[in-house]
Protein chains: 2
Amino acid sequence: MIRVVVVDDEHLVRAGLRLILEAAEDITVVGEAADAAGALEQAHRLRPDVVLLDVRMPGVDGLTVAPEVVSAGPKVIMLTTFDLDEYVHRALRAGAVGFLLKDTPPRELAAAVRTVAAGNAMLAPTVTRRLISSFAERGPARRDAARQRLAPLTARELEIVREVARGLGNAEIARRLTMSEATVKAHVSRALAKLQAGNRVQLAILVHDADLL
Amino acid sequence: MIRVVVVDDEHLVRAGLRLILEAAEDITVVGEAADAAGALEQAHRLRPDVVLLDVRMPGVDGLTVAPEVVSAGPKVIMLTTFDLDEYVHRALRAGAVGFLLKDTPPRELAAAVRTVAAGNAMLAPTVTRRLISSFAERGPARRDAARQRLAPLTARELEIVREVARGLGNAEIARRLTMSEATVKAHVSRALAKLQAGNRVQLAILVHDADLL
DNA sequence: GATCACCCCTACCCGCCGTCGGGGCCGGAT
DNA sequence: ATCCGGCCCCGACGGCGGGTAGGGGTGATC
């Protein structure tokens, strides 16, 4: 049985959500709250599996308490009428694993609760779309260029260069990979030549731009 | 009516997908393909609304043709058995707006087709979860943390550390800022102490994470 | 099966990096 | 005025970083 707490300032909305969720055999609403303080209190006392948290609330809003609610244990699904980018960003950074619009059909709402209770995530389709595009448009130019440049490296060389990019010294790398320090230097040296780099710092920059860590 | 093309090298899978999708009143499968070339041809000739594209295929795989299929017009949903990060990243950057596992229930599969046809996106819950976490870790969180760490540096030190992060050597930095190389070393050394870093590489990493260039 | 090419490893030499100690300068506190 | 602390600057030592030359192993081509 999945235990849920519903948080919204309008009791009509709370009642509606409760009705929808209780209709599912495997879901039970164990508590309700009308504001941020209530949400926190219930999260700590009832230890629910999932908290449905409204974004807009008088006083402290849902996005602001979200981090604390999350750290109290439960999975958090944010609920809102508008899927503003601002909301989504804050919610996801706060650790929410769900972001749904209030016009979500009952069936999908229940499905979302099950999904997050199982450790996965569920977003409204419009939100997913934006998240994807912001992910895809996140300067693939530089990253791809960096990966292109790193391509000529052999597997072993790349492995070592990645350690370099973590800020490790040659001796440390040798220790971790169980090889001679001289060998590490040789690999680094070849990598420098292949990539036309002068420093190991430039190697580190490349690896970072390529998002390899 | 949503017009769909199904691409998979196993005809059994194609038949299954066709069966599932045709069961929906508002969806029709207008074509099938068994490889990358066929997928491209059908995408151009039939101009479907949605293409279901298998990731693993003999010859050119799904991820590789995905960009071309996308640019041909249709919305692309990638299908796979395993949700490897590698797959997901490539798919999303290729412009796919869906990424589903092959064990997706029929009802959700049809729902996904409708969702992407409507201009939105649909990911498998496990994929959504990873995308969110990679988004959260990537956001301004890291950048702000890095800036926090760089805060104790003096203006001059930061100026020099930024040059270090560009991959320049001490001699070069000295030349550009018209000072002795020994001075550069001193600044770098103090920066290392303040930031509890062992290498200049670690300085470079911090500056990069802080987005200062 | 010999050649070739590539990758991985190792040993020695020199230049750069980083530490240590110290000097000149300015602003605020006693 | 003096002291003090912070910032910027400099010169000289030890150690790490990088260049060079070369040996052993493996797979492809013929």
Side-chain angles (χ1 to χ4, degrees), chain A residues 145-210 212-213, chain B residues 58-61 86 146-210 212-213:
Chain A
R147 294 205 173 157
Q148 200 85 15
R149 289 199 56 189
L150 290 174
L153 295 187
T154 71
R156 195 66 167 162
E157 284 164 355
L158 182 60
E159 188 177 3
I160 280 146
V161 167
R162 286 176 66 188
E163 298 297 318
V164 169
R166 296 182 52 199
L168 300 180
N170 289 333
E172 181 69 13
I173 296 173
R175 226 174 42 75
R176 296 205 184 191
L177 303 184
T178 53
M179 69 175 74
S180 165
E181 181 181 344
T183 304
V184 176
K185 291 183 183 179
H187 282 298
V188 171
S189 190
R190 303 257 227 79
L192 289 174
K194 283 185 182 177
L195 303 177
Q196 302 172 10
N199 281 332
R200 62 175 31 218
V201 175
Q202 296 179 12
L203 294 184
I205 294 171
L206 270 178
V207 173
H208 255 64
D209 285 347
L212 300 174
L213 279 185
Chain B
V60 180
D61 70 16
E86 165 76 9
R147 294 207 173 154
Q148 200 87 14
R149 289 201 56 189
L150 290 175
L153 296 186
T154 71
R156 197 68 167 157
E157 284 164 354
L158 182 61
E159 189 176 2
I160 281 148
V161 167
R162 287 176 67 189
E163 298 298 317
V164 169
R166 297 182 52 198
L168 301 180
N170 289 333
E172 181 70 12
I173 296 174
R175 228 174 40 73
R176 296 204 184 192
L177 302 185
T178 54
M179 68 175 74
S180 165
E181 181 181 346
T183 304
V184 177
K185 292 181 183 177
H187 282 298
V188 171
S189 189
R190 306 248 254 81
L192 289 174
K194 283 185 182 176
L195 302 177
Q196 302 172 11
N199 280 334
R200 62 172 32 217
V201 175
Q202 296 177 11
L203 294 184
I205 294 170
L206 271 177
V207 172
H208 258 63
D209 285 347
L212 300 175
L213 280 184

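Reminder, nothing fancy here: chain letters follow the sequence lines and each chain counts from 1.
- When the C1' atom of D:dG18 is taken as reference, atom CG of A:L203 falls 11 Å away, rounded to whole Å.
- In terms of position on DNA chain D, the residue among B:I160 and B:K185 whose nearest nucleotide sits closer to the 5' end is B:I160.
- Taking atom CD of residue A:E181 and atom C1' of nucleotide C:dT10, one finds them 12 Å apart after rounding to whole Å.
- Of the side-chain N and O atoms in A:N170, one or more sit less than 4.0 angstrom from OP1 or OP2 of D:dG17.
- Here the side chain of A:E157 is nearest to one of D:dC10, C:dC8, D:dG19, namely C:dC8.
- Between B:R156 atom CZ and D:dG6 atom P there is a gap of 20 Å when expressed in whole angstrom units.
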Hey, mind stepping through A:L177 and A:H187 against side-chain contact (heavy atoms from CB on, under 4.5 Å) and telling me if it holds? CA-CA 12 Å; A:L177 303 184; A:H187 282 298; over 6 Å; no

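- Close to C:dC6, at under 4.0 Å from its OP1 or OP2, lies no side-chain N or O of A:T154.
- With rounding to whole Å, A:E159 atom CD is found 14 Å from C:dC9 atom C1'.
- Distance CG (A:L195) to C1' (D:dG18): 15 Å, rounded to an integer number of Å.
- C:dC6 atom C1' lies 13 Å from atom NE2 of A:H187, rounded to whole Å.
- Ion pair A:E159/A:R162 not flagged as a salt bridge, since none of the NZ, NE, NH1 or NH2 atoms sits closer than 4.0 Å to an Asp/Glu carboxylate oxygen.
- Between B:N199 and A:R200, the side chains place no donor N or O within less than 3.5 Å of an acceptor N or O (distance only, hydrogens not considered).
- A side-chain donor-acceptor contact under 3.5 Å links A:Q202 to the backbone of B:G167.
- One atom, CG of B:L153, and another, C1' of D:dG6, lie 14 Å apart when rounded to the nearest Å.
- When distances are taken from the side chain of A:M179 to each of D:dC10, D:dG19, C:dT10, the shortest belongs to C:dT10.
- Side-chain nitrogen and oxygen atoms of A:T183 include none within less than 4.0 Å of the OP1 or OP2 phosphate oxygen of C:dC8.
- Side-chain contact between A:L192 and A:V188: present, with at least one pair of heavy atoms (C-beta onward) separated by less than 4.5 Å.
- Considering only side-chain N and O atoms, B:S180 lies nowhere under 4.0 angstrom from the phosphate OP1 or OP2 of D:dC9.
- One can place CZ of B:R190 at 15 Å from P of C:dG21, the figure rounded to the nearest angstrom.
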